[in-house]
Amino acid sequence: MAGSALRRLMAEYKQLTLNPPEGIIAGPTNEENFFEWEALITGPEGTCFEGGVFPAKLTFPPDYPLSPPKMQFTCDIFHPNIYSDGRVCISILHAPGDDPMGYESSAERWSPVQSVEKILLSVVSMLAEPNDESGANVDAAKMWREDRSEFNKIAETLVRRTLGIPLRPYRAVMANRDQS
Amino acid sequence: MANLEAKHLFAYNRFPDNELKKLLVVAYFPFGVILLLLRSVLALFLVIFGQVLPDTQVTQNFLYNLACICFGITVSVDNLKQKENVSVYIGNYLSILDHLAVSKALGFILPLNKTPLQSLPGLGITNLGSINNADSFKKNLEVVLKNKNTSVYLCPEETPTNGRALLKFNSKYFEFFEKVQPVCITVKRPLDIAISTIGSTYINDVLYFMYAPFTNYTIKLLPSLEKKSISTDGFSEIVRENIASELKITASPLSASDLLEWSKRYLAEERRRAQERTNQLSNSFSSASNPELVRMAAQVKEVLPHVPVGTIYNDLNVTRSIDTTITNILEGRIRFVPETPRPSSPTPSTSQQPSTSGCTSSSTPSRQGACTSSTQFNTGASTFGKSANERTKSIKERKEQLIAAARRRYIEKHNLDIPV
């Protein structure tokens, strides 16, 4: 079982190394354990996460690709479909029948023909278009619905943090608020 | 001309290769069908009469004429006056109905070779038995010649050819004949429809006799030859050379059995090839119609869009596993021509094109945006390292580059006063 999982992961690693979707890097953190991957995902252009490079951890089960991997962001992230601890809640990561939220169509579910690449692309889509019906992060979902500008501000903070760019001086922000 | 092989003595296609003639053949088709139908009615009468009419001179004449009309046989004789009163005529073998033409020209003669008309008693064709059973053959022959007062017509080649050479005669026949008259036959059909093709059956050939506008036999009589003191083999060879030189064709060293052997082999080979073709067809058909395989191929195709579906099918046919096929393709065990090659990573020109691969099923406008972003976001490596160390090093470097590039872009975009 693990043999075929390894073979498959190696093939996907090769594919992602040679022909990755733009702005995405993924591969085993340490090849001694091929079931733990690290991925970098660039926030899609034209969204509040634009320009950010978000690191995430992928954990593959021994029976991969029969079962889906788990994905968890290792940076701070504030998003309706990502738990506050960074775990990603997205339909492609759930096997059919395993539907914690009860709203996913089985077409977008995990199956052995999905791949790491597809998961990562789905996550990029998710960053661009949160599904605010999913309550992975209720606060984020609420803010996304009701106070988009605040959400964007938080997102920008997060983006800067991933890039190692200092936040705007806190004072400047406060000054702006006072003026308005 | 000297070295005609067995393969040159057959026609392979019923219809000519020539473009113009092909067109004529197509144009002729409706007429051919009508003729065939009309002649079929006649053939029906021929069969009925042939079964019920008594075997007399008058009815034979009538039936032969009917048969000639029915099969569209016309005959022209170059030199009827040369006809001598011999009991045996020897001719070259061109078609299964040669004897009909000769009978029409020379009056009723009994064909010694096999003919489709043998089964009609009204035509008076008697089977003399096999030449290999010489005693009974001789007896039958004597009976026929004496009682019926007819001549016999023999094609000692024993199998029809396309007329380009004269096969070796079966000399056994010549044991029984003292004096023979050689007959040279040439046959012509408009539209160049072949009389017989390799492996064709009696029925097949007869149907084409009825389909063709007409089949014209030209018969030329040669002076009769006597055996005298020549050996049987020598006599048969002399007759053969006479006919061959008159027809200006080679006297081939091949015999009927050589030709049959060759045609058998040719047909077996053809069958094998046809079988292979249908196998291939049914293979591709069954895989194309195997929904499971189609589904699997589609899934592989999604993962590897640049691989032709045909290649995927073929491998899936063997592996029956999406996984193994993907691995096979990725590890280069399968050769294929990429359909729409993915842009290789470090070329700047790719940045303006929508990505061919990444933005497939899950593409959203935003994803499209990401795809068309600057080349700095191309994160691929040119090679996949052979060792774990190499790979780890490569991915680490690429990660750093990606972050650095993203940072630079961000700073440029927001005009931040921070050192890049």
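Computed from a prediction, not measured in an experiment: that's the story for all the values here. Letters A, B, ... mirror the listed sequences (proteins, then strands); counts begin at 1. Worth knowing before you read on, the calculation uses all heavy atoms, side chains too, and leaves out hydrogens, waters and symmetry mates.
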Atom pair CZ (B/R407) and CD1 (A/I165), whose distance is rounded to the nearest 0.5 Å: 5.5 Å

Minimum heavy-atom distance A/G51-B/A406, with the two atoms named: O-CB, 3.6 Å

- line: Max heavy-atom pairs within cutoff under 4.5 Å with chain B, candidates A/E32, A/E31, A/M10, goes to A/E31

- prompt: Ignoring hydrogens and geometry, is there a side-chain-to-backbone donor-acceptor pair from B/R398 to A/I25 under 3.5 Å?
  reply: no

- prompt: Does atom OH of B/Y12 have more than 12 heavy-atom neighbours, drawn from other residues, nucleotides or ligands, at distances under 6.0 Å?
  reply: yes

statement: Rounding to 0.5 Å, atoms CD (B/E400) and CG (A/L40) come to a distance of 10.5 Å

task: Kindly indicate whether the side chain of B/R391, heavy atoms from C-beta on, has any atom under 4.5 Å from the side chain of A/Y13.
output: yes

- prompt: If you look only at pairs with a residue in residues 303-323 of chain B, which of them pass as a salt bridge (Lys or Arg N to Asp or Glu O under 4.0 Å), with sequence neighbours excluded?
  reply: A/R8-B/D323

- request: State whether B/K413 and A/E45 are salt-bridged, where the test is any N-O pair (Lys NZ or Arg NE/NH1/NH2 against Asp/Glu carboxylate O) under 4.0 Å.
  value: no

- request: Report the distance from atom CZ of B/R408 to atom CG of A/L163, rounding to the nearest 0.5 Å.
  value: 11.5 Å

message: Just so I understand: if I count every heavy-atom pair under 4.5 Å between each of B/K396, B/K399, B/M296 and chain A, which residue has the most?
response: B/K399

- request: Select one option (side chain, backbone, both, neither) describing which atoms of A/P55 are under 4.5 Å from chain B's heavy atoms.
  value: neither

- prompt: In a check of side-chain contact (heavy atoms from CB on, under 4.5 Å) between A/V113 and each of B/I326, B/V300, B/I322, which one passes?
  reply: B/I322

query: Atom CD1 of A/I24 and atom CG of B/L402: how far apart are they, to the nearest 0.5 Å?
result: 9.5 Å

statement: When the 4.5 angstrom heavy-atom criterion is applied to A/S111 and chain B, the contacting part is neither

message: By the salt bridge (Lys or Arg N to Asp or Glu O under 4.0 Å) test, which pairs, at least two apart or in different chains, include something from residues 68-81 of chain A?
response: A/D76-A/R161

query: Given A/R160 and B/Y410, is the side chain to side chain donor-acceptor pair (under 3.5 Å) satisfied, shown in steps?
result: CA-CA 9 Å; A/R160 284 187 170 221; B/Y410 189 92; 3.2 Å; yes

